[in-house]
Enquirer: 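Take a look at this one; I'll ask things after.
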Amino acid sequence: MGDGNGAMFTKAIARRPGRSVAEGITAHPELGRPDYETALRQHDAYVAALGRCGLSVEVLPALEEFPDSCFVEDVAVCAPDLAVVTAPAASSRAGETGGVAELLARHYARVERIEAPGTLEGGDVMMVGKIFYVGLSARTNRAGFSRFAALFESAGYGAIAVPMPPTLHLKTGLSYLEDGWLLVDAGFAAHEEFRDFNRIMVDPAERYAANCVRVNEHVLVPAGYPKTLAAIRAAGLDPIELEMSEFRKIDGGLSCLSLRF
Ligand code: CIR
């Protein structure tokens, strides 16, 4: 599965967390509120890790009016020859797409948009070679999927809708690590569409680690999940561990913090 080169990137876009990151949406209030200074340090380390993977990273300034805006992955989907600005379903996040089309137009000849009544967030989109798996989550609806599929079909890609377990985004529970390897949370264990991958099942005690990111020769892995780390090493992949405690408190994973292309 996969052509093994889908994770070759040269550029990334990230956005600094603002002080308002403490007000980000969360389904896990028991974890507490993010600490701004710690979030900034963790974000700096994340950007440095992308640099170590060989990417040049553009770091956008914080947007205080949007507490979740450091999760830039949700506002666009970037393929080699087409970028699509999404339509976040969370009302506090809808305005995050402002200026994103203009930003991407500096890198892409073709930039398109998901339009209302469609909603779609980039965290629901997992690219495997020329196929996109798209989670039909509380954030991504059928109309959003249909528009997404039509746009990418016109550019030579396929799109497959995936029914969701009770999980925020598709990539909260699945990460394609290239070379056929797929990290899988238990919520996706029974999904037929993922049976033919080399599946690495994430231990139920390490569910947050189901969101990792393959970036060129490395895999970004959240720190503190030793079983997942060992499984990634056993697959012959080269992990970089990153502290993510503050983003985890507002349901953000490693993939959410950048657009890679
Ligand atoms: C949200 O609920 O929208 C944010 N607190 C977390 C977004 C995480 N993004 C992602 O998984 N791609």
Side-chain angles (χ1 to χ4, degrees), residues 12-36 38-39 42-43 46 50 60 62-78 83-98 100 114 119-127 132-141 144-145 148 162 164-176 183-185 187-188 202 207-215 220-222 242 244-261:
I13 294 172
R15 185 180 292 284
R16 294 288 277 169
R19 288 190 179 277
S20 63
V21 71
E23 311 306 322
I25 304 168
T26 184
H28 296 97
E30 73 281 5
L31 296 177
R33 282 283 157 196
D35 175 72
Y36 171 62
T38 310
Q42 293 180 349
H43 196 262
Y46 179 87
L50 291 178
L60 305 171
L63 293 176
E64 288 295 350
E65 63 274 46
F66 298 112
D68 288 295
S69 55
C70 59
F71 301 122
V72 282
E73 174 179 70
D74 291 322
V75 299
V77 176
C78 297
V84 172
V85 181
T86 67
S91 56
S92 67
R93 301 201 60 188
E96 289 178 29
T97 56
V100 173
I114 304 296
T119 67
L120 184 139
E121 297 185 3
D124 278 320
V125 177
M126 182 174 77
M127 188 178 188
F132 288 101
Y133 292 89
V134 182
L136 296 177
S137 70
R139 302 289 182 87
T140 294
N141 64 17
F145 170 75
F148 179 94
V162 180
M164 289 284 291
T167 295
L168 174 58
H169 287 129
L170 184 78
K171 283 185 291 189
T172 311
L174 282 178
S175 302
Y176 185 54
L183 264 183
V184 183
D185 174 70
F188 291 96
V202 176
R207 298 189 72 173
Y208 178 72
N211 181 278
C212 290
V213 198
R214 175 78 183 263
V215 187
L220 308 185
V221 181
L242 289 166
M244 286 289 289
S245 62
E246 304 316 294
F247 301 106
R248 180 179 174 224
K249 290 173 182 173
I250 50 171
D251 305 333
L254 285 161
S255 71
C256 324
L257 286 176
S258 62
L259 288 165
R260 304 155 298 275
F261 51 99

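Remember, it's 1-based here, ligands and their atoms both numbered in the order they're listed.
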Enquirer: For Cys70 versus Leu257, what's the shortest heavy-atom pair and its separation?
Expert: O-CD2, 3.6 Å

Enquirer: Please tabulate, line by line, the atom pairs linking an N/O of ligand 1 to a protein N/O at a distance below 3.5 Å, with the distance in Å to 0.1, or answer 'none'.
Expert:
| residue | atom | partner | partner atom | Å |
| --- | --- | --- | --- | --- |
| ligand 1 | 2 (O) | Arg139 | NH2 | 2.9 |
| ligand 1 | 3 (O) | Arg93 | NH1 | 2.9 |
| ligand 1 | 3 (O) | Arg139 | NH1 | 2.9 |
| ligand 1 | 5 (N) | Ile25 | O | 2.8 |
| ligand 1 | 5 (N) | Asp68 | OD1 | 2.7 |
| ligand 1 | 5 (N) | Ile250 | O | 2.6 |
| ligand 1 | 9 (N) | Asp74 | OD2 | 2.8 |
| ligand 1 | 11 (O) | His169 | ND1 | 2.8 |
| ligand 1 | 12 (N) | Glu73 | OE1 | 3.0 |
| ligand 1 | 12 (N) | Asp74 | OD1 | 2.8 |
| ligand 1 | 12 (N) | Asp74 | OD2 | 3.4 |

Enquirer: I need the minimum non-hydrogen distance between Cys212 and Ser175, along with the two atoms involved.
Expert: N-OG, 3.0 Å

Enquirer: At their closest point, which heavy atom of Met164 faces which heavy atom of Thr167, and how far apart are they?
Expert: CE-O, 3.6 Å

Enquirer: Going by the rule side-chain hydrogen bond (donor to acceptor under 3.5 Å, both in side chains), which residues pair with Ser20 if we only count those two or more places apart in sequence or in a different chain?
Expert: Glu64

Enquirer: Would you mind checking if Asp124 and Lys171 are paired as a salt bridge, meaning a charged N to carboxylate O distance below 4.0 Å?
Expert: no

Enquirer: Restricting to non-hydrogen atoms, name the atom on Gly253 and the atom on Tyr208 that form the minimum distance, rounded to 0.1 Å.
Expert: CA-OH, 3.5 Å

